There are 2 protein chains.
Amino acid sequence: MKEGPDIAQIGALIGDPARANMLTALMGGRALTATELAEVGGITLQTASTHLSKLEAGGLLAQRKQGRHRYFALADDGVGKLLENIMGFAATRGHLRHRPGPKEPALRKARICYDHLAGDYGVRMLDSLIASGAISEVGDGLNLTERGEARLTSIGIDVTGLRSTRRPLCRSCLDWSERRAHLAGSLGKALLSNFFNKGWARRTENSRSILFTSEGERRFLALFPMEAGEMDKGQESADV
Amino acid sequence: MKEGPDIAQIGALIGDPARANMLTALMGGRALTATELAEVGGITLQTASTHLSKLEAGGLLAQRKQGRHRYFALADDGVGKLLENIMGFAATRGHLRHRPGPKEPALRKARICYDHLAGDYGVRMLDSLIASGAISEVGDGLNLTERGEARLTSIGIDVTGLRSTRRPLCRSCLDWSERRAHLAGSLGKALLSNFFNKGWARRTENSRSILFTSEGERRFLALFPMEAGEMDKGQESADV
DNA sequence: TTCATACTTCGATCGTAACCGAAGCATCGA
DNA sequence: TCGATGCTTCGGTTACGATCGAAGTATGAA
């Protein structure tokens, strides 16, 4: 009965509120310093330091020294994926935190989920890709069709290059409030990078929300039109 | 920064060793009484009772009264899936518990993982299904082919009936020691039930290991032959 | 050098939750 | 009705770990 992986250990790591807040912040995808993480955790630097040591020892975080700064980030994709999973699960059980801040509408609209686009726009993008036949749903998973590959290549995504990596091209990621999926995987990441590179959108400094320029928004909505029946849905989407 | 699902809450629930042991035991798929769970948790009945209340309040467990017994089980598929995920992750970080008991070889060979077959035989079965073209790998997911549907129907699986449920037909589940996948989803469950019904195998009383009869083993191995190059691999497989 | 910034380590406090003994409640069988 | 079994609730103890002040280490800047 005592065999098997020790889920209690990682449960305990995630189970502390301060650590959970830090991990959630790092889902934003960028590395943060100990000082920044102390702030998001609502604790002093000393306390944060011990937490960060534990998270690193537990294999959840990786650190990179740079001058007198020490940047922490999620150790790898697996950690992001795990946290996504738990968030999705927690949402279905109604374990929500209830401090609707002023930034919430922006977060609902478009936000970063580890490394890909989430929120209303994220859900819309995947819906549109499926509706247009670029991505097909196969059982539990998602699959890029030939038509989709041609289309994405035409907007500047190096699909061939993405295929050569070990990471899955398409993954679906559950949007916790809407309970609908958006696109994760290396393709999801590449698409978001593409939007950044084109200047359609940019990150915000202290939040996971993504700001679209008016021009970028216009282009994005044109590129991923909503199906006819979907108008005025998707307002409450928000993820992770 | 405070929006989103509260991962700390469920992390804390899983993070207590006694609770984690109980949950792991319930991954065996059958409902257990509070007394039995107290024993696997290594705690008294009183303590177990409070743990079980918390797990139920947190949406992880469901209880069913039956006479003066109170049976606890995982609340639904989602919980099993979550625990599988965490176990898979924990295994990749080397968070293993180290009490190799006498039952371990049996567990490595074949065991139940929530409701489907895991371990050496579980991995072998999926490998064989893929090699024979019954199941294809699509990106991250698995897909039953037409040929596979015909083949499984012929051995007594009601594939059409399975398709009509909301649960995904094929899911892959990471085998933590081998780091290879075996088959989960409603099809994985149906296959294991099929083996039980045919009398090829049965559960053991106090463990998650599955015992094959010699006849059942012969049939199983004939039904799911190993690919030529795979001989003598798969000895160390064990899951969840 | 010297000072400032970024972070860690040490030491002590404190709160929470895990824990168990004992008592209480519910169901069953006789 | 009575005792036995299965489980919960109560109360008090204990232990662990989260927390922070203070001191220590490392890097950079002046």
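Throughout, a chain's letter reflects where its sequence line sits, starting with A, and its residues are numbered from 1. Just so it is clear, the model here is predicted, and its values are computed rather than measured.
Taking 4.0 Å as the cutoff to heavy atoms of chain A, we find the contact window on DNA chain D bounded by D/dA18 to D/dA29.
Sorted by first then second residue, the side chain to side chain donor-acceptor pair (under 3.5 Å) pairs that include residues 187-196 of chain B, not counting sequence neighbours, are B/N194-B/K198. Here side chain to side chain donor-acceptor pair (under 3.5 Å) pairs that include residues 50-62 of chain A, with residues two or more places apart or in two chains, are A/R19-A/H51, A/E56-A/Q63. Listed by first and then second residue, the salt bridge (Lys or Arg N to Asp or Glu O under 4.0 Å) pairs that reach into residues 60-79 of chain B are A/R93-B/D76, B/D77-B/R167, sequence neighbours excluded.
Across every non-hydrogen atom of A/L37 and A/L26, the tightest pair is CD2-CG, 4.0 Å.
Take A/A8 and apply the side chain to side chain contact (heavy atoms under 4.5 Å, CB included) test, not counting sequence neighbours, and it matches A/D6, B/A20. Residues that satisfy the side chain to side chain contact (heavy atoms under 4.5 Å, CB included) test with B/R219, not counting sequence neighbours, are B/W200, B/E215. Under the side chain to side chain contact (heavy atoms under 4.5 Å, CB included) criterion, B/A48 pairs with B/M22, B/A38, B/I43, sequence neighbours left out.
Between A/R19 and A/Q66, the residue anchored closer to the 5' end of DNA chain D is A/R19, taking for each the nucleotide with the nearest heavy atom.
Regarding contacts with the backbone of C/dA17, every side-chain N or O of B/H51 stays at 4.0 angstrom or more from both OP1 and OP2. OP1 or OP2 of C/dT27 lies within a sub-4.0 Å distance of a side-chain N or O belonging to B/K65.
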Protein heavy-atom contacts under 4.0 Å, written 5' to 3' over nucleotides 7-16 of chain C as B (base), S (sugar-phosphate only) or - (none), form the string BBB-------

What side-chain donor-acceptor pairs closer than 3.5 Å can you find for residues 28-35 of chain B, not counting sequence neighbours?
| unit_1 | atom_1 | unit_2 | atom_2 | d |
| --- | --- | --- | --- | --- |
| B/R30 | NH1 | B/T204 | O | 3.3 |
| B/R30 | NH1 | B/E205 | O | 3.2 |
| B/T33 | OG1 | B/E36 | N | 3.2 |
| B/T33 | OG1 | B/E36 | OE1 | 3.3 |

